[in-house]
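Taking it in order: structure first as structure tokens, then the write-up.
Every value quoted in this text rests on a predicted model; they were computed, and no experiment measured them. All values below come from the heavy atoms of this structure, side chains included, with hydrogens, waters and symmetry mates left out. Just so we're on the same page: letters track the sequence lines, and every chain starts at 1.
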Protein chains: 6
Amino acid sequence: MFSVTVRDHMMIAHSFRGEVFGPAQRLHGATYVVDATFKRATLDEDNIVVDIGRAARELRAVLSELSYRNLDDLAEFTGVNTSTEALAEVVADRLAERVRAGALGDGGRELSGLAVTLHESHIAWATYERPL
Amino acid sequence: MFSVTVRDHMMIAHSFRGEVFGPAQRLHGATYVVDATFKRATLDEDNIVVDIGRAARELRAVLSELSYRNLDDLAEFTGVNTSTEALAEVVADRLAERVRAGALGDGGRELSGLAVTLHESHIAWATYERPL
Amino acid sequence: MFSVTVRDHMMIAHSFRGEVFGPAQRLHGATYVVDATFKRATLDEDNIVVDIGRAARELRAVLSELSYRNLDDLAEFTGVNTSTEALAEVVADRLAERVRAGALGDGGRELSGLAVTLHESHIAWATYERPL
Amino acid sequence: MFSVTVRDHMMIAHSFRGEVFGPAQRLHGATYVVDATFKRATLDEDNIVVDIGRAARELRAVLSELSYRNLDDLAEFTGVNTSTEALAEVVADRLAERVRAGALGDGGRELSGLAVTLHESHIAWATYERPL
Amino acid sequence: MFSVTVRDHMMIAHSFRGEVFGPAQRLHGATYVVDATFKRATLDEDNIVVDIGRAARELRAVLSELSYRNLDDLAEFTGVNTSTEALAEVVADRLAERVRAGALGDGGRELSGLAVTLHESHIAWATYERPL
Amino acid sequence: MFSVTVRDHMMIAHSFRGEVFGPAQRLHGATYVVDATFKRATLDEDNIVVDIGRAARELRAVLSELSYRNLDDLAEFTGVNTSTEALAEVVADRLAERVRAGALGDGGRELSGLAVTLHESHIAWATYERPL
């Protein structure tokens with residue numbers, strides 16, 4: 001099994017609902033350093049999993065929809081706790097849609113899976129993995 | 001599959017028995033930077049895998065039983081080589097016990113697995129993974 | 001010259017005023033991984049610059065005044081752009097006050113300088129250095 | 001499942017063929033920071049997966065065959081794009097041969113798998129995993 | 001004193017002349033992860049040292065002149081060993097020219113100094129510092 | 001001003017005397033990831049500060065005198081708290097002796113300074129800087 005990972009980041013504001021979150025119930029924010037991993041059983045005719053430049057552009061496109069925003073204001077997150085793990089799923093699902101739409105070329109459709117890790121600090125991160 | 005990871009560290013002394021260990025047969029020590037990963041198939045009603053603060057406290061509790069100690073003096077390690085990989089298992093098993101005892105709340109009992117990585121330096125680390 | 005550095009982090013929301021900031025004029029947020037460096041020409045009678053545990057507690061205390069907050073709501077930042085470099089100065093100055101007040105013990109008063117670095121992502125950080 | 005990882009690096013020149021590579025079709029180069037992970041279901045009689053020193057020596061031996069070279073000049077890579085993911089497979093396969101030949105001792109033959117990650121920069125890396 | 005640092009990278013091929021370089025006399029290559037630090041005594045009217053986005057664009061512009069190239073083929077490096085420390089100076093001097101030409105705005109002309117670090121691997125890096 | 005840094009590590013046991021150290025008064029240990037920085041105003045005839053390979057070998061030599069040892073047992077540390085900052089000085093002074101003795105060649109004698117950083121964990125490190 002092969003995989004290729006690209007890293008980028010986004011900076012957002014949000015708040016959480018639920019006692020478990022303690023002071024994070026207040027409006028605060030985070031930098032998420034985001035790693036997107038693309039998996040494929042065999043390499044394509046260019047001997048790669050996916051073009052790293054193209055993968056980076058798609059990740060950037062997905063993150064720019066969220067970055068420099070207060071997630072509490074976005075309709076898509078109404079009533080949703082935008083925890084690190086929940087946002088990892090959002091990023092992975094949006095990347096998956098782009099892959100299916102051909103954003104990574106025909107070869108991208110032979111990817112078998114995707115994993116997205118969001119690092120919220122130097123001491124905590126979350127990952128969501130899914131098939132493609 | 002979702003996962004959340006928290007990082008902490010411990011500083012211990014120990015020695016190894018067996019020719020394979022060369023100079024590490026002498027009493028020496030290590031800082032272990034420890035990553036504990038909690039896995040769950042779906043998110044809970046708060047939209048998380050586990051509360052990061054709570055997970056960090058449990059990891060801290062497990063590490064504080066070992067930190068600032070000479071492991072050669074602890075009864076539980078008599079006759080045992082406390083290698084990086086063996087200590088990863090010890091930390092994971094102790095975390096697993098705490099999870100089963102409810103330390104991460106009822107939701108913690110729905111975790112499916114645990115992985116613990118101990119970094120012994122910038123160029124070597126070991127991981128132990130187990131189901132929960 | 002000796003120095004000791006401790007690392008912690010804070011998660012905040014804020015917005016900027018000024019065209020130079022582009023999309024960062026919107027309410028967004030950041031995780032700041034914060035390094036505080038304490039400098040001293042010679043070691044004290046315990047052979048240290050400062051007790052690392054104590055230094056970490058003081059840094060934590062300063063950061064907890066800001067963490068999990070929307071800086072736009074704090075009176076002290078009215079009309080102030082809380083850029084990474086400006087916040088580095090805030091953290092350094094508050095640490096300096098604590099040092100002067102004796103929070104690091106009598107030895108802390110022999111520190112000669114302080115540097116605070118705030119990492120806003122894996123690709124950007126800012127530092128403020130000052131004498132003590 | 002246990003694993004042990006060791007890290008080293010190599011510095012090479014190469015070029016790629018194929019429009020997808022853009023400017024990387026020109027002769028350029030890379031530092032690959034290489035992580036080799038050795039997996040085993042249970043620990044051996046010394047309570048380890050593999051001796052870290054020995055694993056590091058084998059990885060060094062494999063990398064020294066490639067380091068400080070222009071891969072375009074090596075017969076084994078004629079007509080082959082030496083992408084990061086393709087090189088991860090080369091390093092893993094060469095390590096696997098050494099393990100099978102006994103380079104990690106008899107215990108090495110009980111390893112169940114190998115994963116090799118090549119970091120080409122702080123924002124991109126690739127992994128190849130295989131059974132042993 | 002304030003400073004702001006931005007990170008980017010370049011991938012190049014080159015060779016060295018001189019026995020001290022051993023195998024690095026052969027054509028090989030490197031990824032340089034590049035940190036550019038901009039220094040200023042006081043903050044500007046926007047409360048910053050320099051706009052991070054603008055600083056990142058200038059660094060990218062300087063690095064793209066060198067990246068994906070064989071430095072041995074560039075006229076400007078004829079007879080020059082493009083060591084990590086020598087390239088740090090090249091990058092710093094080219095950034096300095098851009099700053100003087102106004103690429104960072106009028107405020108950029110009040111910068112007092114520049115430092116450029118090139119990381120050639122996880123275990124070696126070089127820095128060049130200069131006034132502005 | 002130019003500088004070149006090389007990184008290595010050592011693993012030691014030790015204990016501290018003095019109430020300030022709390023639980024670290026017990027015999028424990030540490031991995032120190034060690035960065036040694038060599039400074040020079042201008043580059044030598046090979047266009048370098050110092051040969052990175054040679055610098056790495058000298059650092060390795062200094063660290064191997066201490067690594068895999070209980071520092072409490074070494075005569076040179078009798079009655080001395082081997083704090084991170086104190087050990088940074090020891091490593092720097094021993095490197096300085098080697099430089100003066102010609103271990104880095106004649107050019108090494110033109111180095112103007114040395115800085116040594118010991119990282120004791122992901123959240124704490126200490127530096128000692130000295131002229132040469």
Exercise for review: Assert yes or no for the condition that the ring centre distance of A:His28 to A:Phe16 is strictly below 6.0 Å.
Suggested key: yes

Review point. Does the side chain of D:Thr82 pick up a donor-acceptor pair with the side chain of D:His14 at under 3.5 Å?
Key: yes

Point to revise | Which portion of D:His122 sits near chain A, non-hydrogen atoms under 4.5 angstrom | key: backbone

Study note, to complete from the structure: With chain A, the option among D:Glu129, D:Glu120, D:Glu85, D:Glu89 that has the most non-hydrogen atom pairs under 4.5 Å is D:Glu85

Exercise for review: Check each atom of D:Ala86 against the heavy atoms of chain A and say whether the ones under 4.5 Å are side chain, backbone, both or neither.
Suggested key: both

Check your understanding: Does a salt bridge link A:Glu45 with D:Arg17, judged by any charged N lying under 4.0 Å from a carboxylate O?
Key -> no

Check your understanding: Can you find a side-chain donor-acceptor pair between A:Asp35 and A:Thr5 that sits under 3.5 Å?
Key -> no

Point to revise | chain D contacts, top residue of A:Asp51, A:Leu43, A:Asp46, A:Asp8 (heavy-atom pairs, under 4.5 Å) | key: A:Asp46

**Study point:** A:Val34 versus chain D, the contacting section by heavy-atom distance below 4.5 Å
**Key:** neither

**Study point:** Check: D:Val99 and D:Val50 side chains under 4.5 Å, non-hydrogen atoms
**Key:** no

